[in-house]
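Worksheet: one structure, shown below.
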Amino acid sequence: QAIVKVAVRIFFVLGASGDLAKKKTFPALFNLFRQGFLHPDEVHIFGYARTKISDDELRNRIRGYLINDKNASPEHVEKLSKFLELIKYVSGSYDSEEGFRLLDKEISEHELSKNSVEGTSRRLFYLALPPSVYPSVCKMIRNFCMNRSDLGGWTRIVVEKPFGKDLESAEQLSTQIGELFEEPQIYRIDHYLGKELVQNLLVLRFANRFFLPLWNRDNIDNVQIVFREDFGTDGRGGYFDEYGIIRDIIQNHLLQVFCLVAMEKPVSLKPEHIRDEKVKVLQSVLPIKDEEVVLGQYEGYRDDPTVPDQSNTPTFATLVLRIHNERWEGVPFVLKAGKALNSRKAEIRVQFKDVPGDIYKCKKQGRNEFVIRLQPSEAMYMKLTVKQPGLEMSTAQSELDLSYVQRYQGVTIPEAYERLILDTIRGDQQHFVRRDELKAAWEIFTPLLHRIDDGEMKPLPYQPGSRGPAEADELLAKAGYVQTHGY
Ligand code: BG6
């Protein structure tokens with residue numbers, strides 16, 4: 001793989017001692033470093049958090065996250081030591097002028113100690129923090145930590161969901177951040193946009209003659225976008241209970257996938273052209289009908305001491321989105337997400353209509369279906385009717401199967417965060433959520449969320465390890481989905 005030097009001088013992880021930094025940000029940075037995408041002469045990483053620890057303590061903690069029995073080869077250990085040398089730590093609170101001034105001083109010294117050439121002050125702030133502190137942190141960065149104008153360069157910030165809790169709070173947050181930074185400086189991460197098969201969606205749709213004429217209401221009967229996890233809230237009950245499955249998964253991850261499946265062809269691959277089309281399709285979504293929503297909560301969820309005894313928060317939801325445009329009128333898009341289900345899987349299922357004038361009685365075999373499995377074991381396959389091999393003329397359903405492990409043996413599929421962090425460094429906003437996109441996403445879900453929050457809609461109980469409430473399968477059948485073998 002070619003070594004691409006990236007244009008960044010300093011990378012900051014704010015909230016450096018937290019869970020996100022530990023599980024995602026540092027591992028992704030290390031992987032980029034290991035593969036040569038972050039060059040030691042170009043990059044320096046500062047952690048900033050409230051905990052009072054030394055540089056070495058932070059390094060030791062990070063070492064602990066990045067090494068285990070399986071990857072402790074001498075080469076790995078050596079790379080890791082080199083990576084850790086790039087990391088420094090500054091402690092301070094998230095609204096302390098003093099802390100951010102200190103951070104700026106440290107960074108400036110570092111920038112000036114390198115050869116001061118044009119554009120060497122490039123500062124990327126990754127806010128691995130709870131959104132409640134975004135406004136104050138952004139203000140501190142704006143006031144005390146912007147890139148040095150004498151050295152040129154840029155400042156960017158990366159923020160994680162949840163971006164608000166509903167339309168109003170999201171808009172308020174966007175306005176607060178928007179007063180401090182321009183849109184091209186703001187990278188709103190949705191890690192589903194970094195997944196290999198999500199990145200493949202536009203290629204599939206717009207670079208293949210197969211799909212171009214079929215991808216519409218004349219041929220497609222219904223679409224499902226499904227996320228299942230086979231574990232519960234696992235120690236995150238406090239956070240989760242405030243948000244619920246719609247805000248945690250559907251309003252962002254599944255809706256982003258929905259956009260890529262349903263949007264029109266962009267004028268070009270420029271990030272703005274792609275994001276324009278995403279906004280348009282979101283704005284064409286009709287209000288969600290109560291009768292097209294099934295909510296669930298797994299039994300035992302409220303046993304978590306951080307979850308209130310009377311919690312009404314859904315851990316499961318199936319709902320139908322309908323698009324009011326020429327391509328999709330009448331085609332239900334079923335979005336389904338649940339925790340503590342029978343398997344861990346994320347997939348898109350595009351089910352085609354029955355064959356007209358069906359002389360082979362294909363209907364009894366099941367419909368044509370195109371399935372894109374985002375995880376685990378990335379794959380895409382088409383279910384189609386074929387002649388059963390042999391002397392008899394009978395038909396059966398079979399699959400055209402592109403499984404990534406078999407087809408791309410030896411190719412490592414990058415982690416979503418790795419790819420997206422690299423994009424933030426390169427300044428490519430294609431796979432990040434634009435402000436108007438976020439607003440349109442909240443517009444779709446806010447009325448429903450308010451009804452749930454007000455207790456007007458209640459989740460149905462379901463057994464952990466099940467498929468979720470049976471009513472969700474009934475809704476799916478009503479939306480037109482015909483069960484095929486093996487689903
Ligand atoms: C996160 C959610 O955004 O995505 C979690 O907050 C969820 O609740 C996770 O478990 C799923 O991500 P992935 O990549 O494992 O499917």
Side-chain angles (χ1 to χ4, degrees), residues 15 18-25 27-28 31 126-132 134 158-165 170 187-201 224-260 295-298 301 304 306-307 311 313-317 335-348 372-379 404 412-421 431-433 438 441-442 445 449 459 464-465 468:
D19 213 42
L20 178 72
K22 163 170 117 185
K23 289 195 184 139
K24 302 288 182 190
T25 326
N31 274 339
Y126 193 110
L127 277 58
L129 291 169
S132 54
Y134 288 172
V158 185
V159 286
E160 278 277 341
K161 75 155 191 6
F163 310 116
K165 284 193 78 178
Y187 288 71
R188 296 179 194 85
I189 277 207
D190 182 315
H191 79 281
Y192 265 60
L193 290 175
K195 293 195 186 267
E196 183 65 39
L197 263 67
V198 175
Q199 298 218 331
N200 200 6
L201 284 170
Q224 279 181 74
I225 303 173
V226 182
F227 165 97
R228 303 161 193 265
E229 262 176 358
D230 55 1
F231 49 90
T233 50
D234 270 4
R236 293 168 75 224
Y239 151 81
F240 189 87
D241 199 69
E242 214 189 306
Y243 290 91
I245 198 78
I246 298 179
R247 293 183 178 96
D248 190 46
I249 304 288
I250 299 185
Q251 181 269 354
N252 33 71
H253 303 331
L254 298 196
L255 197 67
Q256 285 298 325
V257 173
F258 161 86
C259 286
L260 298 170
L295 305 174
Q297 188 187 76
Y298 67 85
Y301 167 70
D304 180 331
T306 56
V307 170
S311 169
T313 300
T315 59
F316 173 98
L335 272 49
K336 172 169 166 179
K339 300 244 169 208
L341 296 179
N342 54 347
S343 59
R344 176 172 180 261
K345 203 185 261 190
E347 62 183 11
I348 305 163
I372 301 164
R373 189 162 64 228
L374 309 179
Q375 64 189 34
S377 318
E378 292 83 350
Y404 273 46
T412 312
I413 296 185
E415 276 290 313
Y417 274 92
E418 240 172 272
R419 195 175 334 235
L420 294 175
I421 287 178
H431 303 295
F432 295 83
V433 181
L438 178 65
W442 279 118
F445 289 102
L449 288 166

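Values below: all heavy atoms of this structure, side chains included; hydrogens, waters and symmetry mates excluded. When a residue number appears, it is its place in the shown sequence, counting from 1. Every number for a ligand or one of its atoms is a count from 1 in the order of the listing.
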Identify, by atom number and element, the atoms of ligand 1 in contact range of [X], meaning under 4.0 Å from any of its heavy atoms.
{"X": "F227", "answer": "11 (C), 16 (O)"}
{"X": "K161", "answer": "1 (C), 2 (C), 3 (O), 6 (O)"}
{"X": "H253", "answer": "1 (C), 3 (O), 4 (O)"}
{"X": "K339", "answer": "5 (C), 7 (C), 8 (O), 10 (O)"}

(Q) Quick check for you: to the nearest 0.5 Å, what is the distance between E160 atom CD and Y187 atom OH? (A)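 So the CD of E160 and the OH of Y187 are separated by 15.5 Å.
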Looking only at protein heavy atoms, which one is nearest to [atom], and how far off is it?
{"atom": "atom 11 (C) of ligand 1", "value": "E229 OE2, 3.5 Å"}
{"atom": "atom 6 (O) of ligand 1", "value": "D248 OD1, 2.6 Å"}
{"atom": "atom 15 (O) of ligand 1", "value": "R344 NH2, 3.2 Å"}
{"atom": "atom 14 (O) of ligand 1", "value": "K195 NZ, 2.6 Å"}
{"atom": "atom 12 (O) of ligand 1", "value": "H191 NE2, 3.1 Å"}

Q) Does Q199 reach the main-chain N or O of L193 with its side chain, forming a donor-acceptor pair under 3.5 Å? A) yes
Using residues 249-257 as the side-chain source, report each donor-acceptor pair under 3.5 Å to any protein atom, sequence neighbours left out, with the distance given to one decimal.
from: N252; atom 1: ND2; to: R247; atom 2: O; distance (Å): 2.6
from: H253; atom 1: ND1; to: D190; atom 2: OD1; distance (Å): 2.8
from: H253; atom 1: ND1; to: D190; atom 2: OD2; distance (Å): 3.4
from: Q256; atom 1: OE1; to: K278; atom 2: NZ; distance (Å): 2.7
from: Q256; atom 1: NE2; to: E437; atom 2: OE2; distance (Å): 3.2

**Q.** Nearest non-hydrogen partners of P162 and P131, listed with the distance
**A.**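 Between these two residues, the closest heavy atoms are O-CG, 3.0 Å.
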(Q) Please find the pair of heavy atoms, one from Q297 and one from T315, that lie closest to each other, and give the distance. (A)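 Reported closest heavy-atom pair: CA-OG1, 3.2 Å.
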Q: Check step by step if side-chain hydrogen bond (donor to acceptor under 3.5 Å, both in side chains) holds for Y239 and D248.
A: CA-CA 10 Å; Y239 151 81; D248 190 46; 2.6 Å; yes
Q: Inspect the surroundings of CD in E196 and state if more than 12 heavy atoms from other residues, nucleotides or ligands are less than 6.0 Å away.
A: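 Correct, the count exceeds 12.
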(Q) Any heavy atom of Y192 closer to ligand 1 than 4.0 angstrom? (A) yes
